[in-house]
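After the structure tokens below, expect a handful of questions from me.
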Amino acid sequence: MDCFIDTDFKKAIEFHGHRCPGLAIGYRVALIAIDCFPDKSQDEEIVAIVENNSCSIDAIQVINGCTFGKGNLIFNNHGKHVYTFFGRDEDKAFRISLIKDLSISNSSSTSKNIELFEKVRNGNATEEEIKIHNQMKDKKILDILNFDTNDLFKIEQVNMKIPKKARIYPSIECEECKEHVMEPLAKKSGSKTVCIPCYNEKDEQS
Ligand SMILES: [Zn+2]
Ligand SMILES: [Zn+2]
């Protein structure tokens, strides 16, 4: 398998901790994003808005340098394989959505395959079954790496309001746990100003 994989994908595997179809999807997305901004130099930021938090995001962090810490990775929890990229200083945004059904339950899967997948997931597969499963997984990864871009994704240039860079907010002290919390995220609980976990705890008790 290794000889079929290019160095950048290896980097993503190293970061992610294993190779998997999800990471391969993210890797393809990351390469498309690079192509979308051919004029961007290495240290100019592109921002990614991702609509899932699956394995694929790790490839985007490694290849595109989009990370939470830098503020150029935005997570919208929609459970969708949709990835939107934009440059900080331009109106151009590209929306990349997965159009191919790669799930284990898609029409090309046999019931035997699904059964095997379940067995491995539940930890009661034999060594031989695990081997077969890994071979199938590797084949799927190679397929994803080699599919024509247009068979895998729909890529559109979209107009969107580019989110402003995150502001730095003052911190205030939560009146319950006494820990500091960014001001816009503090909540009113009765007469007290509290952090979200303390607010939720109150909510559960009532
Ligand atoms: Zn993974
Ligand atoms: Zn608190």
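Both ligands and their constituent atoms are indexed starting at 1 by order of listing.
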Heavy-atom closest pair, residues Ala24 and Ile141: CB-CG2, 4.0 Å

Polar protein atoms (N, O or S) that approach the Zn ion (ligand 2) to under 2.8 Å: Cys174 SG, Cys177 SG, Cys195 SG, Cys198 SG

Pair Asp138, Gln135: side-chain N/O donor-acceptor within cut-off below 3.5 Å: no

Number of protein N, O or S atoms [distance to the Zn ion (ligand 1) under 2.8 Å]: 4

Salt-bridge present (Glu118, Arg121; N to O < 4.0 Å): yes

Contacts of type salt bridge (Lys or Arg N to Asp or Glu O under 4.0 Å), residue Lys70, not counting sequence neighbours: none

Full working for side-chain contact (heavy atoms from CB on, under 4.5 Å) between Tyr27 and Val62: CA-CA 9 Å; Tyr27 181 64; Val62 172; over 6 Å; no

Can you give each donor-acceptor pair under 3.5 Å made by side-chain atoms of residues 183-193, sequence neighbours left out, with the distance rounded to 0.1 Å?
| from | atom 1 | to | atom 2 | distance (Å) |
| --- | --- | --- | --- | --- |
| Lys188 | NZ | Thr193 | OG1 | 2.8 |
| Lys192 | NZ | Glu176 | OE2 | 3.2 |

Atom of Ile60, atom of Gly26 and distance for their closest heavy-atom approach: CG1-O, 3.9 Å

Closest non-hydrogen atom pair, Lys92 against Phe86: O-CB, 3.4 Å

Close aromatic pair by centroid cut-off 6.0 Å: Phe68 and Phe75: no

